[in-house]
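Letters go in sequence order (proteins before strands), and every chain restarts at 1.
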Amino acid sequence: MKEDFTTYKVKDLLKLKDFGKEINLKGWVRTKRGNKQVAFIALNDGSIIHNIQIVADLEKFDEEIMKLVTTGSCISVNGILVESPGQGQPVEIQAKNIEVYGTADATNFPLQKKGHTLEFLREIAHLRPRTNTFGAVLRIRHAMSFAIHKYFNDNGFYYLHAPIITGSDAEGAGAMFQVTTLDLDKPPRTEESAVDYSKDFFGKRTGLTVSGQLEAELGAMALSLVYTFGPTFRAENSNTPRHLAEFWMIEPEMAFYDISDNMDLAEDMLKYLVQYAIDNCYDDLEFLNKMYDTELIDRLKFIIENPFERLSYTKAVDILMASGQKFEFPVSWGADLQSEHERYLVEKHFHKPVILTDYPKEIKAFYMKQNDDGKTVRAMDVLFPKIGEIIGGSQREEDYEKLLNRIHELDIPEKDVWWYLDTRKYGTAPHSGFGLGFERLILFITGMANIRDVIPFPRTPQNAEF
RNA sequence: UCCUCCCUAGCUCAGUUGGUUAGAGCAUCUGACUGUUAAUCAGAGGGUCGCUGGUUCAAGUCCAGCGGGGGGAGCCA
C-alpha cells in the first residue's frame, strides 16, 4: 500500500536505532491503556511475538477515531521511532496519524487481554492465530517446514511429490477417505448390484493417501535420495491428543541405505531440526517455555547433546520384563509394545530418545526387510519423551521372491501392487526410509500437549469447522 | 470405539447435607487519574446454571437419556 512513510514490520522496528525516523506500521491492536492525555497501544503484526508500543497524545487525535482503536482492531500508524522512556520496551512509536482499517466491537470480540484456555481457543480457531501462543506455534511451524526442505536439499535429497489421490490401500496404514464423483444417493450398480466403480471418475475405487511411501520408493529407485512432504489422511476414529484425520508427513526414502544408515539419518535430521528451532525461533520458544512448559528449552538442548539409545525389540522386551514394573498390559515377545511400555523405556529407563529395531514380522508392514532369523524384520521406531513414536521406518525388502511371498501370506491383491513389485524385478537395490509425523515434531518442539494446537485448523472426527 | 472426568455471566471459576432474590475475578460500559506495561481506582449493566425428562413441598445441587468438551486406552505418524 502506498504511504508517505516506509512501512516496517514490528520485528525490524524493535531492532532499529534510527531515532527520529518517520515510519509506518500496520497491525492488530492487542491492548490500549492510558488516561485523558495519552494512550498506549500495544500493536502486533505477527512478525514476532513481541508487540510494539504506540504512544498517542490524545489532544492531537480525533476522539471518535481513538474510540475505534480497541483490542482486536486493525490499524495503520504513521509515526516517529523514539527511544522509550518507559520500562519494558527499548523503542516505541510517537503516533502522528492513525488510520483504522477494521474495527472490532469490544463487546463481542472474543479475544481478551487475559489468557484463554486452549480448549476455548479451539472453538474460535479462526481468531486464535492472533494470540501470542498461536503466533509462536505458527511461526515455529513455518520455520520447521523450511528447515526440513533445507536439510534435505543440503544433503542431496530431491523433493518428490507423491499423489494425494491414490488407488492403493496396500500399505494398510489405516482407513482411507473415499474420493468419488458418483451420486451417493443412486450410484451405478453392476449386475451383481455392487457399486460400479468403473463408472467413477478414475474408473476405479480411490481414496486420499495414507502414505506417500510406496511412491517415494519408486522415486528413490531413480533419484537415489528423495523425500515427500505433504498432507496425509487417516479416516480412523481416533480421539487422542496425538492423532489427526489430516496431518502432514515427511517421508524420506534412500537407495543404498541399510537400517543403520536409516537410523543415522533420522537422528541427525531430528537434531538438526531442534537446533534450527533454537537458532531461529528462540523468542517464541522462550515464550512457550515460560507459559506452558518450563523444561522445554532444556529438553530441546538435551536432545541435541545426547546420542539416541538404539536397541532391538527383543532387548527392550527383556528390559521391560526384568523391570519389575507393573504394567496394565503384560509384556511378552511377539506382542506390540503399548504406550506405557514405550514411555517406560524412554522416560524411566534410558531417560533419552530410543530407537527400537528388529520387531516381530507379524506386527509390522509387509514391505519391511526380513531378517535371517525368519522371525523379525528391520523396522525402526524412534520414541521421544512426552510424545511417544515420532518416527516409524524400516529397511525395505528388496528381494522380489521374499516380498511376493509376504504379499501372498497377507492376502494382499497382487494386481494392486504390481508396479511396486516391478521395482524389485528391474534393478532392485537395498533401500530404507521412514515417516516423520510433522505435527508430532511440532508438538515436541513447542512443548504443546495437544496435536490440535499445533496445526492451524485441525481435522478430527466430528470436526471440520473452519 | 472403550474407560473416566467436566459443562454455572463474554472468559476463568466458586456455589456447603437439596432450602429466600445464583456469586467472584477478569472483560464490557460510565467516571477519575500527566507515561501506562495483564495499568490502577470508583460505579453500572450482564445468567433459559448444556438440553430433555424424572424424583421432591422445593433442583445449579439427586437420577436417567441426549449433546458438547477434556484426559487415558486402542489404531498410528
Under 4.0 Å, heavy atoms only, any strand: does [X] hit a base, just the sugar-phosphate, or nothing?
X: A:I250; answer: nothing
X: A:T107; answer: sugar-phosphate
X: A:E389; answer: sugar-phosphate

Under 3.5 Å for both donor-acceptor distances, Watson-Crick or wobble: does [N] have a partner, and if so which one?
N: B:G65; result: B:C51
N: B:U56; result: none
N: B:A42; result: B:U30
N: B:C2; result: B:G72

- Query: Planes under 30° and centres closer than 5.5 Å, is that true for A:F40 with the base of B:G35?
  - Reply: no
Considering just the side-chain nitrogens and oxygens of [X], establish if one lies under 4.0 Å of OP1 or OP2 belonging to [N].
X: A:S238; N: B:C76; answer: no
X: A:N35; N: B:G35; answer: yes
X: A:R440; N: B:C76; answer: no
X: A:N450; N: B:G71; answer: yes
X: A:K36; N: B:U34; answer: no

- Message: Salt bridge or not between A:K375 and A:D358? Use side-chain N to carboxylate O under 4.0 Å.
- Response: no
- Message: Tell me whether A:E267 is salt-bridged to A:K271, with the criterion being a basic N under 4.0 Å from an acidic carboxylate O.
- Response: yes
For atom [atom1] of [X] and atom [atom2] of [N], their distance in whole Å:
X: A:L43; N: B:U36; atom1: CG; atom2: P; value: 21 Å
X: A:I451; N: B:C76; atom1: CD1; atom2: P; value: 15 Å
X: A:F120; N: B:G68; atom1: CZ; atom2: P; value: 19 Å
X: A:E342; N: B:C76; atom1: CD; atom2: P; value: 11 Å

- Query: Which listed nucleotide (B:A73, B:C29, B:G71) is nearest to the side chain of A:R343?
  - Reply: B:A73
- Query: Hey, which of these two, A:Q338 or A:G392, hits RNA chain B nearer its 5' end, going by closest nucleotide?
  - Reply: A:Q338
- Message: Go nucleotide by nucleotide along RNA chain B from the 5' end; which of A:R452 and A:G34 gets its closest nucleotide reached first?
- Response: A:G34
- Query: Taking A:N44 as the fixed residue, which of A:T31, A:N132, A:T131, A:N51 is the one that meets the side chain to side chain donor-acceptor pair (under 3.5 Å) rule?
  - Reply: A:N51
- Query: When rounded to the nearest Å, what value does the distance between P atoms of B:A27 and B:U21 take?
  - Reply: 32 Å
- Task: Mind checking the CZ-CD spacing from A:R30 to A:Q53? Nearest 0.5 Å is all I need.
- Result: 14.5 Å
- Is the closest side-chain heavy-atom distance between A:V91 and A:L16 below 4.5 Å? no
